[in-house]
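Encoded as structure tokens, the structure appears first; notes follow it.
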Amino acid sequence: YHGYIFNLDKSQRGPAKRNSAVELKQLLVSIVLDSECDLYPNVTSDESYSLVVKAPVAFLKANRVWGALRGLETFSQLIYQDSYGTFTINECNIIDSPRFPHRGILIDTARHFLPIKSILETLDAMAFNKFNVLHWHIVDDQSFPYQSVTFPELSNKGSYSLSHVYTPTDVHTVIEYARLRGIRVIPEFDSPGHTQSWGKGQKNLLTPCYNGHKQSETFGPINPILNSTYSFLSQLFKEVSAVFPDQFIHLGGDEVEFKCWESNPEIRDFMKWKGFGEDYKKLESFYVQKVLDIASTVNKGAIVWQEVFDDHVKLQPGTIVQVWKFQSYSEEQAQVTAAGFPVILSAPWYLDWISYGQDWKGYYKVDPLDFSGSPEQKKLVMGGEACLWGEYVDATNLTPRLWPRASAIGERLWSHSDVKDLEDAYNRLTVHRCRMVSRGIAAEPLYTGYCNH
Amino acid sequence: MAASGLWLPLLLAAALAGRAAALWPWPQYIQTSEAHYAIFPHDFQFRYHSSSAAQPGCSVLDEAFQRYRDLLFSSRAWYPPEPTRKLHALEKNSLVVLVVTPGCNQLPSLESLENYTLTINDDHCFLLSETVWGALRGLETFSQLVWRSPEGMDAMAYNKFNVFHWHLVDDSSFPYDSYTFPELTRKGSYNPATHIYTAQDVKMVIEYARLRGIRVLAEFDTPGHTLSWGPGVPGLLTPCYSGSHPSGTFGPVNPILNSTYEFMSSFFLEVSSVFPDFYLHLGGDEVDFTCWKSNPDIQNFMKEKGFGSDFKQLESYYIQTLLNIVSAYDKGYVVWQEVFDNKVKVRPDTIIQVWREEMPVHYVKEMELITKAGFRALLSAPWYLNHITYGPDWSEIYMVEPLEFKGSPQQKALVIGGEACMWGEYVDSTNLAPRLWPRAGAVAERLWSNKLVTNLDSAFKRLTQFRCELLRRGVQAQPLNVGYCEQEFEQT
């Protein structure tokens, strides 16, 4: 933070003119309880802090190191340079804590590989905006860049190329870099759909599709009827749960195409045998339940996309449902919470859906609790995630596409619901955007104007 | 010019006269020329000459190479160069260092020799020094000779674009540094110390463009889009009225005052001499009549001139006078389509730029009308690249056929080309390159290639590959669709 605050002035004007203003000499940081400095943040981590700025010593107090981090960011935002170039801060008293404990950004490294540098830069920007979850959608149909120690062929055959891979060191670098910023890293290994790339390195994992009686040479979702499938998944998730320290794993479960399953005679037999009839949702359910059990066995909580709930999969209490479909998302929130499950909201916050003009306002206006439900239901809304799917995004355009649009969501998830004046938000957000640019984050402009550097 | 985090080929001046002036401290002997060479950070390396007394392992120089690498390219990652890639004729991919006297582990002393010779020409990029200390001094000088080229020009050249239409000033700000009217810039720019284009900047852009066969078409848009001109030239803009009193706000350029035309005369005399292209773009779009209507002096003028309440005639009057001024400076002009739509009398060799998609008619119809009237046309309407949407819009851009309107061959011959527009309301150096490339490439092919080249599959394959090549050449071009490039973009 010393660098962020004082390196703003690159011209290094030397000792500032010492006028009669009083000097703030120190920021004293005090962590009241057990700091948790060596731990990983989790969804119940205490991010509260209080900040008293009064000469000669400002005082940042927090229960845990996580609050201290948030307070440092705030402190850095209070400092500005007056017309002489003197670093200045106004006296103030701040008591702060987040409205929602889960404030995330989803990045997609399967549609396009993101170099580690790009991910670390995103983590920096997240810290500037008080985001605390990196939802790493790490593999998908198009590529499998995660280098698995247990199944090296997955990335050997499934990545775009051998240099488009995240080694265990890379992954650890991301996790530690995030931790030092109070950011959780939640990996998503999405299945049974979205798994084309898995089949390249793991034979017999995906369902062979049929054209009538003949195999068509194409593959569908993971084959849910083979024991080998579940033994593979067990081993994979055992590894993943060790590599990623967060308490939660995202298991995906979205957009499962049934056509391939329907075409496969062995699967049809299985359906008969199980008494599922023609309802392939039951087969999907059968698969997802087994994966959820695997997650349970490795002591991880599970997050799933909303289809898993919509398709009536039996979920363990505490399974988090991520609501992503835009149509009627408020009703969806109501239904999920009525059934007693926690919710992460993403539906109105798909940042990959770009359009001309100031769309940040729409993101800002969303209220995650704007659905019909009891106070207990509302308590189940853990927060939300801005999603930047990677079909059209890679390191060339990720940063300007994410920021400052995601910043609007960052405030919505941190601040009180009353903080919603668009004009005030615009004025602050333009300054915040320039601040991000000066800190090396290529956040795009909100509108015409300029930054002072 | 605005600083940028974008990664572009750097230029090694051999040295360019202007750049050599930036050396500090000044060398004992320096011979320069206009020649310069491109450096691509990903491919560039500092190397030890085989006969050098200092070799890898010489910590002073090993570390210096890393330091200067970081200084020059701000990057800790270094990719080994592709051995098979052919070097471009005007490219340097290494600085070869030869140190004569061994001795890497000593300390510098009073007697240390720090002389060096740096030779950069078509045949060499070579640093020769007596000792490692001299090599250090030479490395520093080398780093001072490397500079960053202006944004985007190279990318344009890679796509065979040949006109840079520079919309320099508008309502929001006036960054053009005018020597005739310095107050324009001082009062109209966002920040006169940092957010201006000096005469030097403008010269550099024009020369850099020239070396790539790119014309610079400067636009000074009037009478609308001129709010930023007001503070620097009191009396230029029309004072708007609220009833019988001035409201304190201003509108378009005031067309009824002699002082307006005196100003325009002087201003465009400067512009005509600064910008060497035969054509100037004079704007003329989106003139809002409300302010003119409210102003009593203008109302009187309208009566006097017999314009009735048809403000298009007043607009016409202004533009005609302006066009005459500019013609007298031996310049041709390009104008936005409103000038044609509002029936302003223009010279037959005027070029009309079509930008409106549906009004007053569909742009295809507009092209027909303009060419029917005998004017040359430039198409931009379907190519507003600042209008972003989700998904691969490059194909719609690609499938536009500029000559797809009803007209004779003579009419079609009047379509001289088109322009991809990247208006700046939501665009600056943080997002310009990915927003422009490779989508503008679709426009480029449409304007260069044969009319029959329209196969989308082939275009997709080639454009995806070309996009990866753009990346390799340092253009921050965004992806067209899912996939990958051998060498992904990494911010330097």
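Proteins get letters first, then strands, A, B, ... in listed order; numbering begins at 1 in each.
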Problem - Segment of B:N386 engaging chain A (4.5 angstrom heavy-atom cut-off) - result: both
Problem - chain B contact via A:A443 - side chain, backbone, both or neither, heavy atoms under 4.5 Å - result: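 The answer is the backbone of A:A443.
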Exercise for the section: Against chain B, label A:L446 side chain, backbone, both or neither, depending on which of its atoms sit under 4.5 Å from a heavy atom there. Expected result: backbone
What is the distance from atom [atom1] of [X] to atom [atom2] of [Y], rounded to the nearest 0.5 Å?
X	Y	atom1	atom2	answer
B:Q478	A:H112	CD	NE2	9.5 Å
B:L480	A:Y392	CG	OH	9.5 Å
A:S163	B:Q487	OG	CD	9.0 Å
A:N452	B:T194	CG	OG1	6.5 Å

Exercise for the section: Show your working on side chain to side chain contact (heavy atoms under 4.5 Å, CB included) between A:D359 and B:Y426 and close with a plain yes or no. Expected result: CA-CA 11 Å; A:D359 55 0; B:Y426 305 101; over 6 Å; no
Handout entry: salt bridge (charged side-chain N to carboxylate O under 4.0 Å, His left out) contacts in which one or both residues fall within residues 161-174 of chain A, not counting sequence neighbours
Key =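 Non-adjacent pairs meeting salt bridge (charged side-chain N to carboxylate O under 4.0 Å, His left out): zero.
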Practice task
Provide the full list of salt bridge (charged side-chain N to carboxylate O under 4.0 Å, His left out) pairs with a residue in residues 385-398 of chain A, sequence neighbours left out, each pair given once.
Solution key: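 Listed by first then second residue: A:R111-A:E391, A:D394-B:R467.
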Practice task
Enumerate by number any residue of residues 395-402 of chain A whose heavy atoms lie under 4.5 Å from heavy atoms of chain B; in the absence of such residues, state 'none'.
Solution key: A:A395, A:T396, A:N397, A:P400, A:R401
Practice task
Would you check if the side chain of B:H387 reaches a backbone N or O of A:S355 as a donor-acceptor pair within less than 3.5 Å?
Solution key: no
Exercise for the section: Using modelled atom types only, decide if a donor and an acceptor are shared between the side chain of A:Y450 and the backbone of B:Y190 within a distance under 3.5 Å. Expected result: yes
Practice task
Look at B:A193, B:G391, B:S172 and state which one has the largest set of heavy-atom pairs under 4.5 Å with chain A.
Solution key: B:G391
[atom1] of [X]: more than 12 outside heavy atoms within 6.0 angstrom?
X	atom1	result
A:Y356	OH	yes
B:Q465	CD	no
B:E286	CD	yes

Exercise for the section: Kindly give the heavy-atom pair with the smallest separation between B:D428 and A:P445, and that separation in Å. Expected result: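 That closest heavy-atom pairing would be OD1-CD, 3.5 Å.
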Completion exercise
Sorted by chain and residue number, the ring-ring contact (aromatic ring centres under 6.0 Å, His included) partners of B:Y484 (sequence neighbours excluded) come out as A:Y160, A:H164
